[in-house]
**Q** 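The following block contains the structure, expressed as structure tokens.
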Amino acid sequence: MDFSLSKSQIEIQKAASAFAKGEFDKDAGLKMEKEGRYPAETLQKACDLGFIGIHFPEQYLGAELGLFENCLISESLCRRDSTMGLALCLTGPGAECILRAGNTAQKEKYLPGVADGTLFTAIAFAETGQGFDLRGLKTTALKNGEGWVINGKKPLVLNGGTAGVYMVLCQTDPAADNPDPQMSLFAVDADAGGLSWKDAGRRIGCNMLSAADIFLDNVRVGPDSLVGDKGAGLALASACYKELHVLLAAQAVGIAQGAYDRALDYIRQREQFGKKIGAFHISWHKIADMATRIEYARTLVYRAAWAFDSGKLDYSLAAMAKMTAAQTALAVAYEAVQFFGGYGFTTEYEVEHFYRDAKFVDLFLGSANTQKELIAQMILGKMK
Amino acid sequence: MDFSLSKSQIEIQKAASAFAKGEFDKDAGLKMEKEGRYPAETLQKACDLGFIGIHFPEQYLGAELGLFENCLISESLCRRDSTMGLALCLTGPGAECILRAGNTAQKEKYLPGVADGTLFTAIAFAETGQGFDLRGLKTTALKNGEGWVINGKKPLVLNGGTAGVYMVLCQTDPAADNPDPQMSLFAVDADAGGLSWKDAGRRIGCNMLSAADIFLDNVRVGPDSLVGDKGAGLALASACYKELHVLLAAQAVGIAQGAYDRALDYIRQREQFGKKIGAFHISWHKIADMATRIEYARTLVYRAAWAFDSGKLDYSLAAMAKMTAAQTALAVAYEAVQFFGGYGFTTEYEVEHFYRDAKFVDLFLGSANTQKELIAQMILGKMK
Amino acid sequence: MDILQYTAAHTQFRERLREFCQREIIPYVDQWEAAHIVPKSVWKKMGAEGFLCTNAPVAYGGHGLDFLYSVIVAEEMTRTNHTGLAATVHSDVVVPYIVSYGAEAVKKKYIPGCTSGDIITAIAMTEPDAGSDVAAMTTTAVEVGGEVEINGSKTFITNGINADLVVLAARDPDAENPHQAVSLYLVEDGTPGFERGRQLEKMGWNSQDTAELFFNKCRIPLENRLGEKNMGFVMLMEKLQQERLMCAVSAQFAIEFIVEAAVSHCKTTTDSKGKPLSKYQGLNFQLVEMMTNAHVGRVFMEKLVADHMEGLNVARETCMAKFWHTDLSQKTAGQALDLFGEAALAERNPLVRSWRDLRVLPIFAGTNEIMKIVVGKMSGL
Amino acid sequence: MDILQYTAAHTQFRERLREFCQREIIPYVDQWEAAHIVPKSVWKKMGAEGFLCTNAPVAYGGHGLDFLYSVIVAEEMTRTNHTGLAATVHSDVVVPYIVSYGAEAVKKKYIPGCTSGDIITAIAMTEPDAGSDVAAMTTTAVEVGGEVEINGSKTFITNGINADLVVLAARDPDAENPHQAVSLYLVEDGTPGFERGRQLEKMGWNSQDTAELFFNKCRIPLENRLGEKNMGFVMLMEKLQQERLMCAVSAQFAIEFIVEAAVSHCKTTTDSKGKPLSKYQGLNFQLVEMMTNAHVGRVFMEKLVADHMEGLNVARETCMAKFWHTDLSQKTAGQALDLFGEAALAERNPLVRSWRDLRVLPIFAGTNEIMKIVVGKMSGL
């Protein structure tokens, strides 16, 4: 085993940190978070420097690197500013579907836009009340000549309203008796007739990006909209979740580290009862716990990212990484807020949005309950 | 980064697992645990196969491998049987002092015996009431001609009574005003006049090894007993703890994995209320938690072992590994006992001693409170 | 056994109040959250219907009702899932200082307005650089002739913008012992030299007009001092039991509110095969644990309320409750969001507001770390 | 307020019992732990001094005292830090079956001996392959003529070796509904066909003679049936409230015993500079948290005991308490060992025995998972 980053990985990490340090303005960030505005200029610069879509092939403006490098960037950006980091790293969650399963035409159509910051993408898989799996989705795509007609609704889609394309998971054989109903994945352009959206309002975190409920009302799409094979939708969605779980986990590690950095700075400066907060023994216990959690979460997340790039990541390790890192981010950010006391509760200091963003990452694409389902399915699922 | 084991590491791991599978007899193990007997024959075989002292240089019967390989062996043996594993892996906790800091004569005198199973060693550092550090030790070693006279007592020394040599940490300048009092480390042979011991009885776990209170009453040792430099005792003891913390952490991972293996087997077989325990949804949640903890603990421990072998392990990462792995072993073994129900509480099934051994590893060489002290010292200690 | 003796009158009061909340509060909460303040008119409505200062003596214009009415108000207000109309802070934290320590004339002057809702009160203790450390207070009060001149600033003041009357803690700059240097004063809105600072923007409590207050050569009549000079610290200590108790009580009611919502969500949300989430055993057990903790918390809280009503000194147990209940509220709110899953990402889910609002409970009225220090000391550790 | 009304008589009883434990139990515990059993003579001593079956009616030879005396016995026995002399199981779990369901003659025959300690009782419910699943019981009882023939085996029977009288649950092989198939019988020691199996070796409870019992064509008189035929399940359910309550009660007392020991250790153990461990804030807070949890648990437990004494149905709350208290006991015991550090490695540290003994509490009398299932059902989830 070798736990050291390669030279080029260290360079990427340094570059991302330097970029965040140079471009993220604390006050502007706090304001944008509050107002739910998108940092468009910063995205442009991030794209110019190649941070977005670094895992894309070169012909689609990527650097042909791996999930590992993508994770290093995510971690560095979120460490500097949790909301800004999420905003920059989650412009293209649907792009992974295209990248991993799309055909050449689809890649050409969508990937360069994601990499140069002109296109936001969205995944619209889940629906209300499907429990832990996606088998019960009600959105249908029915064959109509060469193409398809899509009907349904998808609640609370991240980037809803701003995305140029939606990856929509649909039932394509709703009448089938098959206990594993046939699902397929479609890339539906935002300007497709019949697609509409309604802003979903502020969220618990990640407020620089938009979110909306998406309505698909007799949306007609051509055969070229099908991503991957007909009937492969569930597998593709799961694979996409798997990659995103690791990416979110890396973001969570960044959030945890950023909250920790701020807490450590604060308790080294701030005095209470005549001594630095950091000199209180309870601070020692808390800091030791926080640091330990960050170390084990980061190490696990790196392992998951490495496994993905080595072609051997299973659902269970991805889910473990997501659950562990998100819970670490939450616990660390919680204590950071507590160290700051009353100030920690105000939006003047950053720790409160690190805490909310940690909860966002914890819930987004499945809370711990969902992750446990995925893990146990791998271990015990065969038993039934 | 590369999270895969090398070919030779995989072979070592396989060999250790195969050895444990072939040589550890469940019923004999339960009996020896209960009676506190040492598995001398098994140790002999383990030594013959080179599992003990694998990290020693070849001239001292080792394989010149690293802490990493030592950890892999520890993990594999403890996984098969927690108590047997601890018994085989902890015959020589004092040997690390000699290996890392002893002179050639000391290495020649002690290391081969440890590697061939004829010599047990012990560390006798801590004393009652020294709080979190070792600065307040009362055992003294006073210069006497060329040699030293040692007086003091060391409670609850593992391998006390069976060890051939004790690594005794002493004050060598007790009158000094130095806030960091001068301590030195001595290798005291068990047959030194004035050294006596009193059996400390059964422990919460690790009951195949002995433990005793050690009394040093005007024990005269020669100049060749001093390990490392005069005054270097505290640093050497800390370095020894650091290596042992990682080793204990690997043992904890093995204990966790072994308890998990048994739980998983059991819930796949055993029925309650007409279905397999493993089919109850709460089992899914528990197993997912257990598996996740094991993964992050193991990954962190491997990283610490790798860091040691790469010469860059700090006290804090070693302490994190110890704390995380021990708490994982405890939590996992606790749930394993719970899955077994009433049987889990009996000594007929192994999970109860896995649980007790987990608590042993958790407490031995410092509970979480001590580990947090070490971690925070690295982070906040400079502040004061 | 019933630890608390609710009578028919209590029940009737609760029903009236619940109806009031449904009518006058809940429909407006979103609006107030956006405005970061509640209109003064709603305080007056609440007063007019008899829900403010229930515990203040009739002789001074209060309702003279027992402390259980305060508990009922706390419960029903918690169930409105907003914090702007901080009636409990007003009626059960601030006004009791006036009742206990105000001169006769002062009581007669202010308490009727506090009861009617014409006077909204706030307590100003915390300072920007002092945090939990009362001994580090820098706001000064110098008594000269028949007046007192106040200089300094306060922060994190609940009802800060709306407040018509502020109970202010300030130091005597000449006193040597910092624990015998603090006095309490009443400062009216409009007094020259008393200015509001910024309204604080926060993670939660968005309808609450938490603010900074500034005092610059602010002069008030000497009769507005509460109690003896330099005895403020003792008075604060004396009243902290009830303040911290109300924290624990509010946390308990929030926990119950959240558990009910989580149970209802899990019972009514079904998976694709019609199985409710509550039948998934892993989630079912979480609900059971949440219900159990809520039940344990309820018993602990009721016992403490009963002891408090008997006038017992339960300062130690109250500090325990303050951290125990507010910590549990964090855990419960987090678990509830997990049960909602992605649906809990959006603020349109009311439990997101609960989660955000509750985060301050382990911080204010003495952080939970301070509570543990106090309990440790009182336990002889 | 005092939730439980301890009188001077209760206090006097407690003092007498504590003295008895100091004299007759604590000095011998190590011996009994090594022997894996307590001598029958100590049961008789305990009976002779009036500490057994305090709650059984005077008319049948019991002491006719209120349930608080049972709570006192549980508390004082817990403080002996051993489990061999399982007086609570005898007096408050097993004998109540005889009191409630025994025929007049049966009660007169056995209860005086139970009270004097001449008859030690056990309850035999659990079977090797059934675990918590009563419906899977395989031990059969066939009533033929005036006799009952019993065949089968039981395991994990507390007081199994010492028991002179066993309350046995067995199935009617002809009954169709497994929940209306179980009857309860009294089987005396020495009845032909009733054999003890192995004494079970366990992680803890080492002085407890937990054993397997075998019944092979074991014939008992029909009058030894408790209550109606095939109504055993209902009787078990009826008595489970008290059994589970006693689990929670014992866990609570163990928690308090451990917290006291941990506090005392940390106050008296000093570091090299004379600073007690309890002054290290990280440890100090742990002690405060342990004390607080113990206090919360005490209030919850007392309320439940009071309700139980009033005859209320608190089955749901009792199941909550059973898992809440026994889970807390695990956490508390673990934390205490951590505070002792390496000194807690050796069994000569009494808290190691507490830690080992307590581990069974979340397992027996219905695992904590079963408790959660029951609470969930009773809560309509």
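These numbers come from the heavy atoms of this one structure, side chains and all, not from hydrogens, waters or symmetry mates. In what follows, chains carry the letters A, B, and so on, assigned in the order in which the sequence lines appear, proteins first and then strands, with residues in each chain numbered from 1.
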**Q** In Å and rounded to the nearest 0.5 Å, what is the CZ to OG1 distance from C/R316 to D/T292?
**A**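 Taking CZ in C/R316 and OG1 in D/T292, the distance rounds to 7.0 Å.
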**Q** Surrounding NZ of C/K275 (heavy atoms of other residues, nucleotides or ligands, distance under 6.0 Å), is the total greater than 12?
**A**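 Atom NZ in C/K275 is packed in, count exceeds 12.
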**Q** Below 4.5 Å, heavy-atom pairs only: which of D/G380, D/A321, D/C319 has the largest tally toward chain C?
**A**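 Counting heavy-atom pairs under 4.5 Å, the top option is D/G380.
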**Q** Counting heavy-atom pairs under 4.5 Å with chain C, which one of D/N293, D/V288, D/L312 comes out on top?
**A**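 Top option by heavy-atom pairs under 4.5 Å: D/V288.
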**Q** Of all the heavy-atom pairs spanning D/S278 and C/L381, show the shortest one and how long it is.
**A**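 Result for this residue pair: OG-C, 4.2 Å.
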**Q** Minimum heavy-atom separation for D/F285 and C/K372, please, with both atom names.
**A**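 D/F285 and C/K372 have their closest heavy atoms at CD2-CD, 3.6 Å.
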**Q** If you check every heavy atom in residues 323-330 of chain C against those of chain D, which residues fall under 4.5 Å?
**A**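 If one takes a 4.5 Å heavy-atom cut-off, the residues of residues 323-330 of chain C near chain D are C/F323, C/W324.
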**Q** Can you name the closest pair of heavy atoms from C/S379 and D/K267 and give their distance?
**A**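 So the two residues come closest at O-NZ, 4.5 Å.
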**Q** Where along residues 294-310 of chain C does a heavy atom come under 4.5 Å of chain D, listed by residue number?
**A**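 Counting heavy atoms that sit under 4.5 Å from chain D, the residues of residues 294-310 of chain C involved are C/H295, C/V296, C/V299, C/F300, C/K303, C/A306, C/D307, C/E310.
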**Q** Would you compute the distance between atom CD1 of D/I373 and atom CD of C/Q281 and round it to the nearest 0.5 angstrom?
**A**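 Going from CD1 on D/I373 over to CD on C/Q281, the span is 5.0 Å.
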